[in-house]
Number of protein chains: 2
Amino acid sequence: MAVEQTTRRVTRRRVRTRANLLDAAFAVFAAKGFGRVSIEEVCEAAGYSRGAFYSNFDSLDELFFALYRQRADLIAEQVTEALALDGPGLDVPASVDRVTEVLLLDVDWLLVKTDFLVHAARDRAVAQTLLEHRERLRRAIEERLARATGHTALPAVLGGVDGAARAVVAAYDGVTTQLLLDKDIERARVWLGQLLTALLTDGSGRPEQDL
Amino acid sequence: MAVEQTTRRVTRRRVRTRANLLDAAFAVFAAKGFGRVSIEEVCEAAGYSRGAFYSNFDSLDELFFALYRQRADLIAEQVTEALALDGPGLDVPASVDRVTEVLLLDVDWLLVKTDFLVHAARDRAVAQTLLEHRERLRRAIEERLARATGHTALPAVLGGVDGAARAVVAAYDGVTTQLLLDKDIERARVWLGQLLTALLTDGSGRPEQDL
DNA sequence: TGTATCGGATACATTCCTGTATCGAACGGA
DNA sequence: TCCGTTCGATACAGGAATGTATCCGATACA
């Protein structure tokens, strides 16, 4: 953290500045990619000088990390909420619609998240953070699926609720990759729905909706 | 391209230099990520001065592009070959083993490829190249699956051989994402096998091996 | 409202990287 | 082997980004 001290009077101005810097960073990172952005650019976009930056962060890496945490937490909450909404039956299309509303809506977030992925792939500590975020999401899915068992059967190949949840995440990641290239959100949404239906049904051709 | 001229005597030395630069770039990009690499670093790793670089490329972007094409072509060939090998029956585990031997073996390649993905996600022209590469692979898979129909049935939800091939690619992408974080190749391989089995069987619980 | 502290602007030194221009050595063809 | 061409090393100038030190206006709190 920038400026260590046992006690520190944190003013409102500081909080605002920090938030503005993070917001500006998000926009700039999304547009140009983390690797092509300088501290100055972020400051300029936020309407501050570099003095403000160094007063709040030690490096661009630290800011990126903070940015990721902020948004990832937000999204994890939203997804958990969205999954908690519906009843015990597993209405795949409805759930997918609601969740993708959160997860696939904002291509900018996908861009930044992928930047963060390649960043994490080269740094154990950062990777750990990302893995934890992913696990939180997977857990939420797992619980959702668990509530549905008894009502519906999952395909055996994946090995229980745990495997099924992993499969959902993998499908999401797979669809994301394609989406980053063709930028066709609607297509991605439909496609994810199909994939999940294929993965979460026993394959009798009868999707397990509303059972 | 660097140094345009209608006719040009290309010496062997030049070819060697170019190849060395590309190889060095691959190593450096894999280790540090495209965004954190300077032209000088690539040259140093290759044992050349910057003069050699500018004689062969105009920018780091151009080199990156050339590097991607080179490796992507190689891999597309290998995958096509691997898929052409076996008979008309669809032996999912065997095919997966053989293909992942090529696709998931080299984490360095996955790192570079993902760097290229985020690069492409922000540049239409580059994205086009990546999409073409992906389509080549998808076609190879499609043909493989087509040869298997009549012997085996695919789940209807995905909508024919086309959809099934897309699903295979998505599964691969999904597993790749996780692999980049946990670096566990064996796990990834097993996991991809399970996913594909789940996706490509009619879900009766009976994988369509050796039919 | 007064005052001590905090936050951010500004200016500066520095480092790193880029791109170009030039030159000698290596190369290939005869 | 000789010669014209090509390749890559070296030196240089310019620019861009970084991090720090300093200062003044803003802010919290009594």
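Chain identifiers are assigned alphabetically (A, B, ...) following the order of the sequence lines, protein sequences preceding nucleic acid strands; residue numbering begins at 1 within each chain. Just so it is clear, the model here is predicted, and its values are computed rather than measured.
Using a cut-off of 4.0 Å between Lys/Arg side-chain N and Asp/Glu carboxylate O, B:D106 and B:R71 are scored as not salt-bridged. Salt-bridge check for B:R98 with B:E101: failed, with every basic side-chain N at 4.0 Å or more from each acidic carboxylate O.
Shown here, D:dA16 forms a base pair with C:dT15; the pair counts as Watson-Crick or G-U wobble because both key distances fall under 3.5 Å.
For A:A52, the listed nucleotide lying nearest its side chain is C:dA9; candidates were D:dG25, C:dA9, C:dC17. When distances are taken from the side chain of A:R16 to each of D:dT27, C:dA26, D:dG19, the shortest belongs to D:dT27. The listed nucleotides are C:dA9, D:dA9, C:dA26; the one nearest the side chain of A:S49 is C:dA9.
Residue B:R50 is in base contact, counting any heavy-atom pair closer than 4.0 Å across all strands shown. Across all strands, B:S38 comes closer than 4.0 Å only to sugar-phosphate atoms, never to a base (heavy-atom distances).
Rounding to whole angstrom units, CD1 of residue A:I39 and C1' of C:dC16 are separated by 14 Å. For the pair B:E40 CD and C:dT15 P, the interatomic distance rounds to 15 Å; values are reported in whole Å. If you take OH of B:Y54 and C1' of D:dT6, they are 20 Å apart, rounded to a whole angstrom. One atom, CG of B:N20, and another, P of D:dA9, lie 11 Å apart when rounded to the nearest Å. The interatomic distance linking A:E44 (CD) with D:dA17 (P) rounds to 10 Å, in whole Å. The distance between atom CD of A:E41 and atom P of D:dA17, rounded to the nearest whole Å, is 7 Å. D:dA9 atom P lies 9 Å from atom CG of B:L21, rounded to whole Å. B:F53 places its CZ atom 18 Å from the P atom of D:dT10, with the value rounded to the nearest Å.
A donor and an acceptor atom, one from each side chain of B:H133 and B:Y68, are located under 3.5 Å apart.
In this pair, A:F29 and A:F34 present their aromatic rings perpendicular. The plane angle is above 60°, beyond the 30 to 60° band. Aromatic ring orientation, A:F57 versus A:F53: tilted (interplanar angle from 30° to 60°).
Residues B:S59 and B:R12 each lie close to DNA chain C; by heavy-atom proximity, the contact nearer the 5' end of the strand is made by B:S59.
Taking only side-chain nitrogens and oxygens, B:T11 never comes nearer than 4.0 Å to OP1 or OP2 of C:dC27.
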